[in-house]
**Q** 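Here you go, one structure.
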Amino acid sequence: MQVNENFEPVIVAFCCNWCSYAGADLSGTNRLNYPTNVKIIRVPCSCRVNPIFILRAFQRGADGVIICGCHPGDCHYTSGNYFTRRRITLLYSMLDFLGIERNRTRLEWVSAAEGAKFAAVMNQFTEDVRKLGPNRRLEDLRCRKQ
Amino acid sequence: MQEAMIKRAKELLADGTVNRVMGWKKGEFVYDTTPAVFETAEELEKEFVCNDFTQANLSKYLIKESRKEGKILAFLKPCDTYSFNQLLKEHRIIRENVYVIGIPGGPKLDMEKIKAKGISGILDVKNENFTLKIETLYGTETMPFYEAVSGKCADCKSKKHVVYDELIGEDGDVLASRRFDMVEKLENMTSQERYDFWRGELSKCIRCNACRNVCPACTCENCVFDNPKSGIDQKAAADSFEENMFHIIRAFHVAGRCTDCGECSRVCPQNIPLHLLNRKFIKDINSLYGEYQAGADTTSKCPLTDYDTDDCEPSIVHERGVE
Amino acid sequence: MNKNEKDWIDITSGVNVRKCMRCGKCTATCPSYAEMEYHPHQFVYMVEKGDIEPLLNSDSLYKCLTCFACVERCPRGVEPAKVVEAVRLTAVRKQGNNHLIPDQIPAMLDDDMPQQAIVTAFRKYTK
Amino acid sequence: MQRIGVFVCHCGTNIAATVDVKAVAQALANEPGVVISQDYQYMCSESGQDLVKAAIKEHNLSGVVVCSCSPRMHENTFRKAASAAGLNPYLVEIANIREQCSWIHKDIASATEKAVVLGKAAVAKVHLNTPLTAGESPVVKRALVIGGGIAGIQTALDIAEAGFEVDIVEKEPTIGGKMAQIDKTFPTLDCAACILTPKMVEAAQNEKITIHSFSEISDVKGFVGNFTVTIKKKARFVDETKCTGCGLCTEKCPMKKVPNEFNMGLDNRTAVYIPFTQAVPKVATIDPNYCMMLKNGKCGICSKVCSVGAIDYKQTDRFVEQKYGAIVVATGFNPIKLDKYDEFAYSWCPDVVTSLELERLMNAAGPNGGTLLRPSDKKHPHTIVFVQCVGSRCDDEKGKPYCSKICCMYTAKHAMLIREKYPDTEVYVFYIDVRTPGKNFDEFYRRAVEQYGVHYIKGMVGKVSPKADGTIDVQASDLLSNEQLHIDADMVVLAAAIEPDKTARPLATMLTTQMDTNDFFTEAHPKLRPVESATAGIFLSGACQGPKDIPETVAQASAAAAKAIGLLCKNSITCNPCVAHSDELMCNGCSACEKVCPYGAITYQDKEFRMPDRTTAIRRVASVNPAVCQGCGACTVACPSGAMDLNGFSNSQIMSEVDAICK
């Protein structure tokens, strides 16, 4: 595969309103940098993230998708992220089974107090996806840019 | 077996226990059997069939049938009873309206496998001591029985009836099958190999929806792929992405509910091994959240609507198997 | 030097001495208390401070019976006996620092001494 | 056609320094549906809000996008502004271009580009926003208090004082709880009964308060403002309405060898009993485990002596259903069991007692009539050793990881009382730390040392060994003088850790409230909402939330009451309109959503539908109670048919955001 030096991945981050979105805000408040590639979508809880949304993102040109939620046990809705963990584990395992690169998907627990962690996670994830290059295995050619 | 079933069905019709019978109907050829509802003893005599080719899972038809007037008799093979139970659990079948007779299961035969031997003009197929005696227009042919066993029966998981009102024949046991071997083989491939394998398979998909329509877990009133409001409706896959999308989402929607009846792969006209996607989920669920067999009972919690506070993290996907 | 020795004891003992809340239950429970110059809680405290030299030179190292009463009773799970053991190992592993040499054995032998005790003593007091 | 207004905030230089706000406004002006796009210095200021309001009116906007700081900061501000201008507040979306853009990026070009993308996503979403109206649900003007200890009593009295009906559910035959067992209270040393029993009587006499004693909660349904609770009134085999509490039955009962729970098993009671003289309600209860009439039908004496015919051997558990607007949990605590601590010989030496047992031994209504005697030989103890932190601050499975908080103070109290009453007694207290934060607390502890001569020794007891002569050898360390001590004691008193009552966890499950790993109820916020649980309408009072002494418990009880009163004062409560809803035509009735709902907001019903072929069919479909749903969205993913969707975060809205970002 041809590696494009100037490749800038598109990364969609689904963040739960109560912990991770607040964690993202905190990394802003603390001026902790992470790449502009990451664009955040606010959802009430990580359990709101439907696998369809993840596939949709890849279809429309995302190169990586990350879901962030409250730490297990800290869910604002008591149990939402436990369901997320099962669903997303199985979904990621299935994507892996279909030969989709593992590093394109991630789930991280980021609390409202973990601004530094949020930035670190996003930096790391962006780097991992950048290394993988553009998403080709789960793309829709009709949506390809250029 | 067929005689005993017809006899019992006629009795139940006669004494008013049921007013319809769900079974299989003879077609033009011996291997050509179709699920059907019979209303009279005459119809039963004339058209009812139960032979080595009556593979179809009848449970899904009972969703609609059990909502009709009166009680219906259904003949269920062991694998069909799992689907039946799962549908009961999801409140899709009204139990009071179905009289279930458990009948022994397969192994059933796959006509394609016989034809693949170059045998054509088939008139009749008889199993004599595990040798198939095949009457054709051109004379009698033989082949070993096991070479013609259908894919779904080859990996049979259970000969036990998990629900029934009465049994014809003996009840069996849950079997130790090797049904996850192929999933495991794929897991041990590299990511690129897996990708190539699935692209090779899924690119054959013509979106005939046979898998969805036959699946006893796919019972939505309106499938998301048919619903314009869902935002992902598609009639035919316009791109490789949509081929993947359809099968990933379908497998995800039945995850934890799929009883592994094997109907999806059986009916696929393109012979895509769709059951492997479902089995991957089953295997993951078993290994990550504890053994679970959908349809084995009507009370246990489906793994996807349940959780444990100590569940593994998704990073387990990264930590195991081959990249 | 202390820094290295402290790290080494942390690693070999596997004990996090910072978990100690200074209740002294280990010393309160120690059957060898009267024999010891430094008591179990002092081992934990001094290792935490990095004040290991006095411990290495103390006879207390060989008074600990490794009965694990302190480990059993410690409310914080600090396991003082393992700290003593680690300090003892640090001491005996230095050249010429074997606490027991074979020549001493004959004088110690009597009818009541179980052979196992000698074997254990060798394992504990020599490198 | 949508008419969307875009408003880009400079936030002084907070945004404008790294994002070219004018370029953002210009780029978004070209988005479909956008009719006005402007930037402003401070959009959240009054003039900024006026700008938005004016634009809504002037351009008859159907949606507003504000590109500014985090929605967690000013979403409500702009929603209110829109509402004031006549636009439904839920037609406002915020693009977070400060915390999640300008503050984290340095390069103006790429930050501007990202801000535009975030703006586009918000525009795409607002296209699909629908006007939402917050529903209202009525509030039942009645409160339930679970637990009738000092916390529950105080809460109930305060709520009743405000004029609302309150029910107290207490699992024991009498209210009073642990405080009723305590002899004196620190730091004032006034008698616990003297301050508690008037409150118990007040609760019994208050016409707004109903006491369900010897009762448990068996089911909780519903939601804030409208709980339906089933209370199980356990059979006490005595008609509460008839019993006068004369106590004749307890005198005549031949079964006199029943361990007396109230005195911690240090003496006996009868099978029919009244726990203590000042019990409320003062009604007898028959213990079916010991009553010979109930066990084998032979006896019946109590029934014969009862002049009012209150005894009813055929009584069974009764269930009462009642509606409440608010629930206050006050389930309290218990000392932990000490059978795992062999080193303290508690299980086999009667003279090793817990502090709560000591309270009974010293109490005038206790087994010895208030004279401190050794349980084994009823002799006066001359040396008493107190051991602190037994099971508290323990990192292992035997004890509890937390500090039980009250032990330092009550031990100082015990030591002081003993020294005062029996000056010939030597008292030793082994401590790890003495923790006395509280008004007049440290003074109290110092008084024990300085005035009463209690020996405080820094160190822990390692081993307690009862000796043949009846004394107890206490082996301990004195860390300050670095020596091991042996004390010949006559009694040893263990300050056992306290833990939440065993009924708390099943109750938390019924209430869908959160608990920590120690089974203490979790407050909604440790600092700002300390007496509320995260579940609306459930409040926490007393030690069920964490270890507390009496003053703290009473303070929290009143605070919880104030919160409950605040809720009960309202005629109705406004609900969050961003809740799930089910499309009945699509619903399969499979129950997947119901199983993942943490609030029990989803119910099923059979509904008749007209089918396309003009026949009717009955289908099982889900419906969401919008007052209960909190809008997490777990159900939307559990639903395979996509029938379940979430207001404000609908499938199509989120997908449109995804599309806008990925484009």
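Labels below follow one simple rule: chain letters A, B, ... track the order of the sequence lines, proteins then strands, and each chain is numbered from 1. Note that the structure is a prediction, hence the values are computed from the model and not measured.
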**Q** Spell out the residues in residues 630-659 of chain D that have some non-hydrogen atom less than 4.5 Å away from a non-hydrogen atom of chain B, in order of number; otherwise answer 'none'.
**A** D/Pro640, D/Ser641, D/Gly642, D/Met655
**Q** Within a radius of less than 6.0 Å around NZ of B/Lys160, do more than 12 heavy atoms belonging to other residues, nucleotides or ligands occur?
**A**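 No.
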**Q** Can you check whether anything in residues 280-316 of chain B gets within less than 4.5 Å of chain D, heavy-atom wise, and list it by number?
**A** B/Leu304, B/Thr305
**Q** Which residues in residues 248-263 of chain B have any heavy atom closer than 4.5 Å to a heavy atom of chain D?
**A**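 So the qualifying residues are B/His253, B/Arg257.
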**Q** What residues of residues 227-237 of chain B sit under 4.5 Å from chain D when you count only heavy atoms?
**A** B/Asn227, B/Lys229, B/Ser230, B/Gly231, B/Ile232
**Q** Is it the case that over 12 heavy atoms from other parts of the model lie below 6.0 angstrom from the NZ atom of D/Lys595?
**A**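 Correct, the count exceeds 12.
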**Q** Does D/Lys221 NZ have over 12 foreign heavy atoms under 6.0 Å away?
**A**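 Atom NZ in D/Lys221 is not crowded, with 12 or fewer foreign heavy atoms closer than 6.0 Å.
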**Q** Rounded to the nearest 0.5 Å, how far apart are CZ of D/Arg620 and NE2 of B/His91?
**A** 3.5 Å
**Q** Measuring heavy-atom distances to chain B, does D/Cys593 have an atom under 4.5 Å in its side chain, in its backbone, in both, or in neither?
**A** neither
**Q** Between the side chain of B/Arg92 and the main-chain N/O of D/Cys590, is any donor-acceptor distance below 3.5 Å?
**A**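 Such a contact is absent between B/Arg92 side chain and D/Cys590 backbone.
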**Q** Working to the nearest 0.5 Å, report the span between CG of B/Asn222 and CG of D/Leu585.
**A** 9.0 Å
**Q** Can you name the nearest heavy-atom pair linking D/Asn588 to B/Thr219, along with the distance?
**A** OD1-O, 4.0 Å
